[in-house]
Structures are given as C-alpha cells and as structure tokens.
Amino acid sequence: MESLVAARRTLRASLEKSRALGAALARVGPRLDEIRQRLPSLEAAVRPIRADRGALAAAGGHIDRAVGPAAAVLKVFDAVHGLERSLLADPRADLFGYLSVLKRLEEALRFLSENCGLAVQWLDDIVEYLDDHSLADPRFIEALKASLDSLKPSPSALDGGLLVAALDKLESQFRRLLADHTAPLQMPSDIDGVPAIAPSPLPVSVINMLRAILERTTANDRLDRCISIYVDVRGSNVRASLRALDLEYLEITPAEFNGVQSIEGYIQKWCRHLEFAIKHLFEAEFKVCIEVFERAGPRDVALSCFAEIAAHAGMLAFLRFGKTVTETRKDPIKLLKLLDIFATLNRLRLDFNRIFGGKACSEIQNQTRDLIKRVIDGACEIFWELLHQVELQRQMPPPSDGAVPKLVTFVTDYCNKLLSEEHLPVLTQVLIINRSWKQEKFQERFLTDAILDIFKALEANFETWSKSYEDIPLSYLFAMNTHWHFYKNLKGTKLGELLGEAKLKEHEQYKDYYATYFLRESWGKLPSLLSREGLILFSGGRSKARDLVKQRLKAFNKSFDEMYQKQSTWVISDKELREKLCHSIVQMIVPSYRSYMQNYGPLVEQDASASKYAKYTAQSLENMLGSLFLHKPGRTMSLNIRHSNGKLNSVMTSMSRSASTVS
C-alpha cells in the first residue's frame, strides 16, 4: 500500500510538470515564429563572418586602411563641435582669444575639406571590395553605399554654419570698434592757419584689433564686407565733419546767381574750405585708411576704400562747385576768381597727387583735370579779351560831371591787381600752361605788353572822351581830373613802375596844364568884370560912378551865379586836388571882389536896392567857392560794356565795376 501511494504521488507530480511544460511551450511558440522570420536577416548580417577564412584575411588589410582616416576625420569633427560654445559667445570680452579659436576652427575645417573626401573614397573602395567578392549581403552593401553618398556632396556643411556665424560676429565687432572710436572733428572758429588735425584718430590698440579682424575675414573671402562697413562708418564721420563748415553753397547751380560777382564770398570760402578739407580731413583719413588696411592685401585695397570715402563724403561736390564757377558769365572779376581757384588747386597739387593718385581715385582725378583745364582756358580767354573790352567803351559818352570815369578807376586798379605778387605769378603760370597745350612758347613780355596795351587803350578812350565835351571848361576839368588820377593812383604801384617815372610825370604836368586852362577859361574871366575904369569919386561924378558900379556888380553877379550853378554839378573826387583848385579859384575871385567892395561898395549900399547889387560878401563868396566840386551821393557813371555778342551789360556788373569793390 505504501508503494502504491508513493507511485500515485510520483505520477501526479509528473502530470503537473507535463501541464506546466505544455503551458510554457504554448507561450514560447510566438517567439519562435518571430525568430524564424528574423533568421534570414541575421544570416545576412553574420554572413561575412561565416565567409571563407582566406577571403576574410584578404579583406582585413583593406578595411584597416579605410577605417584609419575615417577615425581621424571623426575625431576632428568632434573637435569642431567642441569649439561651438566659444565661437557663439560675444567676441568683445576677449577678441584675440576669440580669433585664436576661430583660427582653430578654420584649420579643422581645412583638414576636413582636404581629408573627408579621401576618407569617404577609401570607405567607398572597401564597400566595393566587399561587394565584388560577395563578402556581405547585397542589401547591407546598398545601405553602406547610400550612407557614403550622403557624405559626398558638401563636406563644408560639417560645421553646421558655425564659421559663418563666427564671421558675422567679427564683422559686428569691426563696426562696433569703428563706431566707438570715431567722432566728427570739432571745427575751429577760424580754419585759416590751423595745424594739421587727424579726425578722431584711432588708437593703436584699436587699429591692431581691426587688423586682426581683417586678417580673418580676408582669409575667408569676406574683406569686401568689412570695407563696406568701414566706408559707411568713416565716410559718415567725414560728412559730419564737413557739415560743420556749412557747405550748402557747394550745391548752387548757375541758374541761381547772376555772374561770378554774386558768389565772390562763396568762392573765397571754397578756397579756404577745400584747403582745410584736403590738409586736415582727407589727409588724415587717408593715413588712417592705410594704417588699417595695409596688411589686408595689396595697397590698392586701402586706396579704393579711401577713394570711396572721399567721393561720397564731399570731394566731388567741391569739384562740381569749381566747375559751376567756370560756367558763369565772363567778366574781369571772374578772371581774378579763376586765378584764386587755380592758385588753391596748385598749392594742393602735391597733396592731391599723394592721396588721390591711385587708380581707385580715377573719377576724382578726371574731374580735377577737367576743372583745371576749364579754369586755365577761361582765365586766358578773359585776359586776352580785356583789351577789346576797353576799346569797346570808347564809343560811350564821358561822365557829365567831369569826374574820373569808373572805367579808368577800375582798369587801373584791375591792372595793378593782375601785376600784384598775389596774382602775377599765378597768371603767368596759367598763360604758360595754356600756350604749352597749343605747342606755343611763352615769353614774359607777352604778359606785360598785354597790360601796357590795355592801359594805352584806356588812354585813347580818355583822349576821345576829352574831345567830346561841348563845354570847354568841363573838358579841361575832366582832363585835369583824369591826369591827376593817373599820376596819384599809379605812383608807387606795379603798373606805375611798368609805365615808368617819365610817363607819370607827364600826367602830372598835364594836370597842371589843364588846371591852368580851366581857371583861365572859367573863373579867370570874372575879375575883369569888376573894372575900375571910369570910376571917379568926386562930387560931380559920384552919380555916374554909382551907375557904373551897379552895372558891373550886376554883370559879375550874373556871371558868378551862372558859373557857380553850372559847376556845382561838376565833381573832383580827389580831396587834395579839389581843395587846391577851390583855393586857386578863391584867390582869383575873392581878393579882387573884397577890394572892389571896400572901395566902391558904399556907393550902392546906401541905395534902396543895395541887396540887388551887393549880393555877396567876400566871406560868402569864399564859402560858396570852397563847396564846389563835391561828390554827390547816388551819382554813378552811365557807362555800359558791350560784349562780343553785341549785348550791353551794366558797367557795375562788368568791366567798370567800382574800384572799391575790386581792391
């Protein structure tokens, strides 16, 4: 019984185990199906391992040679990503440290660009080897080829755009450095004689940082972007400095003014402003440009950068204004202004050649050459026409008041201007250059002979005008006035030296000659009217004497009044000459009148109509005669200038402009 019980227990335990095993097998069934489905792919994956030992041994060398370079590329690729944090930071904190990291990135990318393709090619070769020798499943081989093809198109994209981002930050720092250390030049109240001043000079430390940035941007073909930034910042600074000079007049057009005389003040400003701009602003900017860009490549880089700054900052506007002046109507004052412009350009010639001499400044060079040619041609044309312009005045009537013609005053002063130390060397140089362009020789006497011819034409005008007066005493007064003007105003001057002392003495003698004839033909006739003939002062002849005195005083008063009224409109501009002539008239008239009235005045003073004959006292005559020939304000000479085109222009705006304005 005990054996049966034990057997039953054993059977029951075996039955339970069988049931548990059956349940376990039921659970394992799906997993076996899954393994069965994966077996083909697993078989393909392990097939190279299952290849022939000799074939695997032959492939091992190929695989080792391909994996070595690929591993090195992957190592550098990891290093590139290790630089990302540093290069995405702000370079202001440590610019040179930032540039050092950027240089490492460039070296890494250069290594990748040189070796990545080679590593991919070697991997591609081993895949082809595996495929050719059927050492791996075809699907596996195709997957490897697809992965390798994805690496071939653009190895440069391996940095994920990190280099571009770093360069953008450097360019922003380049602009920031310029802007923080650039400010408009503080203009002095008087720009004449100011020593050279650099416009906000850049510190050496800043220049070194800018150079370091340019070195990296140049290495990455982005120099042009830094040049654009530099031109924008520094060009704006130069424009701001020039605005302080109030240069709005540079934009004036010929339609906005009448002749060069209306912009004389602007031309004077232009000469000073251009010299200041060249010597202080553009000169300093040129030096800074060279310092910043001298290591960024050829010298042309710095010169082209400066040329763009100069052109857009206002240099071309200066040249356009000079051209505008050359386009104004021709007149003698314009000649002086053109000489001023040429003198300014000539003083700046060496500076121009130095800072605008490069090919990049060709536009400024061309416009400058054009301006110089216009100035020289215009000045020579006006100079050689001066003689003709003076001759054209000969047909005009002389001054009705006998005064010195405005033309005489203007031309004598104008010729002295041309002969002055300020203008003569410039005019000589202009004439030499102009004749050299025509392949003609210049001789110094050409200039002096031309000026002497102008003066001779003026003298011929004067002679013609002197003979055109119907009133003889007025013609003598006019001649006396003009001869004295020639003598007094030319003595001790350049034109006087050119004419010679004998010629000046001749004018002085002619002045005395005509003064004598003037007195004789006018006031010299009055004393004879106060004749004492027939005046017998005794009782029987007193009545007859009274009648003769009345007649003679009446005739004297009438002649005096007529002559005084007529000559009170005549003018002697020179104070010394006027006082001397008035004194001569007084000495000729008053003593005779005083003596006559002392002797014969009592004959008529008791008469009821005494005031009719004893009209003047000696003192009143002296006062009246002393007030003769005074200039009347507002009176001008009605001369006109006829140009070669036949049009008449007011003398006040052409040849005979007042001497006070010219001097």
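Worth knowing before you read on, the calculation uses all heavy atoms, side chains too, and leaves out hydrogens, waters and symmetry mates.
- Ring centroid separation for the pair Phe306 and Phe356 comes in under the 6.0 Å cut-off.
- A donor-acceptor pair shorter than 3.5 Å cannot be found between the side chains of His273 and Tyr266.
- Salt-bridge check for Asp413 with Lys417: failed, with every basic side-chain N at 4.0 Å or more from each acidic carboxylate O.
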Hey, mind stepping through Phe96 and Met209 against side-chain contact (heavy atoms from CB on, under 4.5 Å) and telling me if it holds? CA-CA 8 Å; Phe96 291 102; Met209 286 189 282; 3.8 Å; yes
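- Between the side chains of Thr182 and Arg234, at least one donor-acceptor pair of N or O atoms lies under 3.5 Å.
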Report the C-alpha distance between Arg445 and Thr448 in whole Å, list the side-chain angles of each, state the deciding distance to 0.1 Å, and finish with yes or no for side chain to side chain donor-acceptor pair (under 3.5 Å). CA-CA 5 Å; Arg445 63 178 180 82; Thr448 55; over 6 Å; no
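- The CH2 atom of Trp270 lies 6.0 Å from the OG1 atom of Thr344; values are rounded to the nearest 0.5 Å.
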Under the side-chain contact (heavy atoms from CB on, under 4.5 Å) criterion, do Arg211 and Glu291 qualify, and how do the steps go? CA-CA 9 Å; Arg211 287 175 177 174; Glu291 289 176 350; 4.3 Å; yes
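- A donor-acceptor pair shorter than 3.5 Å can be found between the side chains of Glu256 and Thr253.
- With salt bridges taken as basic N to acidic carboxylate O contacts below 4.0 Å, none links Lys359 and Asp300.
- The shortest distance between side-chain heavy atoms of Ile213 and Leu95 falls below 4.5 Å.
- Looking at Lys373 and Asp370, no side-chain N of the basic residue comes within less than 4.0 Å of a carboxylate O on the acidic one, giving no salt bridge.
- Of the candidates Glu171, Arg176, Arg175, Arg176 is the only one forming a side chain to side chain donor-acceptor pair (under 3.5 Å) with Gln173.
- Using a cutoff of 4.0 Å between basic side-chain nitrogens and carboxylate oxygens, Asp246 and Lys269 are not scored as salt-bridged.
- The only option from Lys456, Glu391, Arg394 that meets the side chain to side chain donor-acceptor pair (under 3.5 Å) definition with Asn461 turns out to be Arg394.
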Given side-chain contact (heavy atoms from CB on, under 4.5 Å), test Leu427 with Leu447 step by step and report yes or no. CA-CA 9 Å; Leu427 179 57; Leu447 177 55; 3.5 Å; yes
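- With respect to His423, the side chain to side chain donor-acceptor pair (under 3.5 Å) criterion is satisfied by exactly one of Thr428, Asp340, Asn416: Asp340.
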Checking Cys380 against Leu431 for the side-chain contact (heavy atoms from CB on, under 4.5 Å) test, could you report, in this order, the C-alpha distance in whole Å, the side-chain angles of both residues, the deciding distance, and whether it holds? CA-CA 6 Å; Cys380 291; Leu431 294 174; 3.6 Å; yes
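- By the 6.0 Å contact criterion, CD on Glu421 is open, its count of non-hydrogen atoms from other residues, nucleotides or ligands being 12 or less.
- Within the model, atoms OG1 of Thr326 and NZ of Lys334 stand 6.0 Å from one another, a figure rounded to the nearest 0.5 Å.
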